[in-house]
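A short write-up of the structure that comes next.
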Amino acid sequence: MIKTRFAPSPTGFLHVGGLRTALYNYLIAKKNNGKFVLRIEDTDQRRKIPGAVENLLENLKWVGIEPDEGPGIGGPDGPYIQSQRLSIYQELVQTLIEKGCAYYCFCSPERLQQLKDWQVAHHQPPRYDQHCRNLGPAAVKRLLDEEQPSVIRMKIPSEGAVTVTDLIRGTVTFPCDQLDDQVLLKSDGFPTYHLANVIDDHLMHITHVIRGEEWLPSTPKHILLYDYFGWEKPQFAHLSLLLNPDKSKLSKRQGDVAVEDYRRQGYLPEALLNYLALLGWNPGNEREIFSLEELVQEFSLERVGKSGAIFNLEKLRWMNGYYIRHYSFERLFNLARPFFPPGSETNPDKQLKVLEIIRDSLLNLQEITEKSAFFFAEHLDYNHSSIGEWLLKPEALPVLNSLSAEFQSLTSLSGARLVPLMGNVMKATGLRGKLPWMVLRCALTGQSQGPELHHIVEVLDLNQCRQRLQDAIHFVTAKRDGR
RNA sequence: GGCGCUAUCGUCUAGUGGUUAGGACACCACGCUUUCAAUGUGGUAACCGGGGUUCGAUCCCCCGUAGCGCUACCA
């Protein structure tokens, strides 16, 4: 059975790059009727952030990529949090010592630092000098008995090369003399990533390791470890990185990288997922819109690209707008409700009508707050330049007065009534064309642009319209009189 | 510095030993529209450079160049 895993460290939030990795893992698993595992790599105690695991789970749930096995979910190969598996690593690393594939190292951090400083100063590659590699058993036993702090390092063969077979990149060969005698077990008894990920992937029966490109250079060490243990290796696939607009590795500095940031701004999970799927993968035809289920059908690693992809917010925004326009209205409304202006929640019917009207213009749900504000406001602010262009024209006042009279005589309001009503206004004022319409728009909305007036008028009630026309008249006369 | 990965419009990408090098976002123009948006039509825009191989290279090979990644008792 195909089994994949997403193995983040719990450092606080789910990164969009991490989400893409999780998605690809999920897709491969689901496409093959396999399992998708979530594993928490918390072997660095210093970097642990409380609540990070819950946050991770919550965000994965939001986008609809739920692990089959993992912390809080369970599964046959748990626990799925590495800090709860310490004895497993400690036991297994001993077998490596016994086989002569690993060794105790008693070098102090200070010595290591000095070594590194010297190497850097002399333009040598910074690597461990294997000082403890050939310590005799007696010496090791003595130092251990003295309880000298120690780590366990892996032995890299002194010659040869390791070839990585990668589903995306083909074969990549690394000479052994470029590899370091990597620490496997730290002095605090925790494993390093290299040890823990190999052991866990094996014990959890992971068949495909799909992870970021930053792991490619350490993959030969992992391969060596599989061989030392005598275990079957999983398939590897290293994904290109997500980049900032300046092509550096996608980082917080240059915009939002946390999934929750996009959630907060009113991006739809389907849109974010769809966009991320296309960053590095394409279906081989010109289709771009895919549901998660459709991605499961269509996805394949063969069509995953090798080069880094810039995270293009503009296209995400477009795609989000597309999803907003094509979503089921009911679901959209449910997601949209928190974004309406405070106070408007007492009038859900109106919220609903407003959403219908402004839906096409939205790129994210957060825009609802601003774009719906005038529907719910007590009073509008007319004092800004974009509408002054219309309201401050000398012809505006007669139009407003005529509009006001017309609205007074109405007993009910509908979009269909607007055209005859405007006909009357034009007749009365002798003005035609764009201006009367724009004056009405500005008076009713406080803006020079927005949804169609006959829609607006259906939502605003008659008294509200009358009030706004009066407000606009007051504003215009006050301006005219220089107050 | 060493090792490794990568290289098609501004961006995401398709593609081929001979193509008008295709699509999408963005951008521009036009249409629709009382405004904006949505939408429709059209348009501008790309094969990193140099050598080979070949009748012919964007595509295959080599060398550069550039970008990125790794180079921890971090993941």
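All chains are named by letter (A, B, ...) in the order of the sequence lines, taking the proteins before the strands, and each is independently numbered beginning at 1.
For the OP1/OP2 pair of B/rA75 and a distance below 4.0 Å, the side-chain nitrogens and oxygens of A/Lys48 include no atom meeting the criterion. Distances shown here put a side-chain N or O of A/Asn282 below 4.0 Å from the OP1 or OP2 atom of B/rA14. For B/rA75, neither phosphate oxygen OP1 nor OP2 lies less than 4.0 angstrom from any side-chain nitrogen or oxygen of A/Arg211. Regarding contacts with the backbone of B/rC70, a side-chain N or O of A/Lys249 is found under 4.0 angstrom from either OP1 or OP2. OP1 or OP2 of B/rG23 has not a single side-chain nitrogen or oxygen of A/Arg287 nearer than 4.0 Å. Contact between the side-chain N/O atoms of A/Thr43 and the OP1/OP2 oxygens of B/rA75 is found at a separation under 4.0 Å.
Side-chain atoms of A/His194 and A/Thr192 form no donor-acceptor pair, as typed in the model, at a separation below 3.5 Å. A/Asp117 and A/Gln113 are linked by a side-chain donor-acceptor pair at a separation below 3.5 angstrom, with hydrogens and angles left out of the test.
The nearest whole Å value for the distance from the CH2 atom in A/Trp318 to the P atom in B/rU39 is 9 Å. Residue A/Lys186 contributes atom NZ, which lies 4 Å from atom P of B/rC74 at whole-angstrom precision.
Residue-level contact check: A/Gln124 touches neither bases nor backbone, having no heavy atom under 4.0 Å from any strand. Among the heavy atoms of the strands lying under 4.0 Å from A/Cys107 is at least one base atom, whether or not backbone atoms are also near. Note on A/Arg317: nothing from the nucleic acid sits closer than 4.0 angstrom, heavy atoms only.
For B/rU6 and B/rG43, the P atoms lie 36 Å apart once the distance is rounded to whole Å. Nucleotides B/rG1 and B/rG64 have their P atoms positioned 14 Å apart, rounded to a whole Å. Of the P atoms belonging to B/rA46 and B/rG40, the separation is 26 Å, rounded to the nearest Å. Taking atom P on both nucleotides, B/rC48 is separated from B/rU8 by 6 Å, rounded to a whole Å. Nucleotides B/rU33 and B/rC27 place their P atoms 23 Å apart, quoted to the nearest Å. Spacing of C1' atoms, B/rU65 relative to B/rG49, comes out at 7 Å, to the nearest Å. Comparing the C1' positions of B/rG50 and B/rU41 gives an interatomic distance of 43 Å, to the nearest angstrom.
The pairing partner recorded for B/rA45 is none, the criterion being a Watson-Crick or G-U wobble arrangement whose two distances lie under 3.5 angstrom.
When distances run from any side-chain atom of A/Ser307 to the nucleotides B/rA7, B/rG2, B/rU34, the shortest one goes to B/rA7. Comparing atom distances between the A/Trp437 side chain and each of B/rC3, B/rC74, B/rU34 picks out B/rU34 as nearest. The side chain of A/Glu286 sits closest to B/rG22 out of B/rG22, B/rG4, B/rU11.
Between A/Tyr323 and A/Tyr267, the ring center distance fails the sub-6.0 Å criterion.
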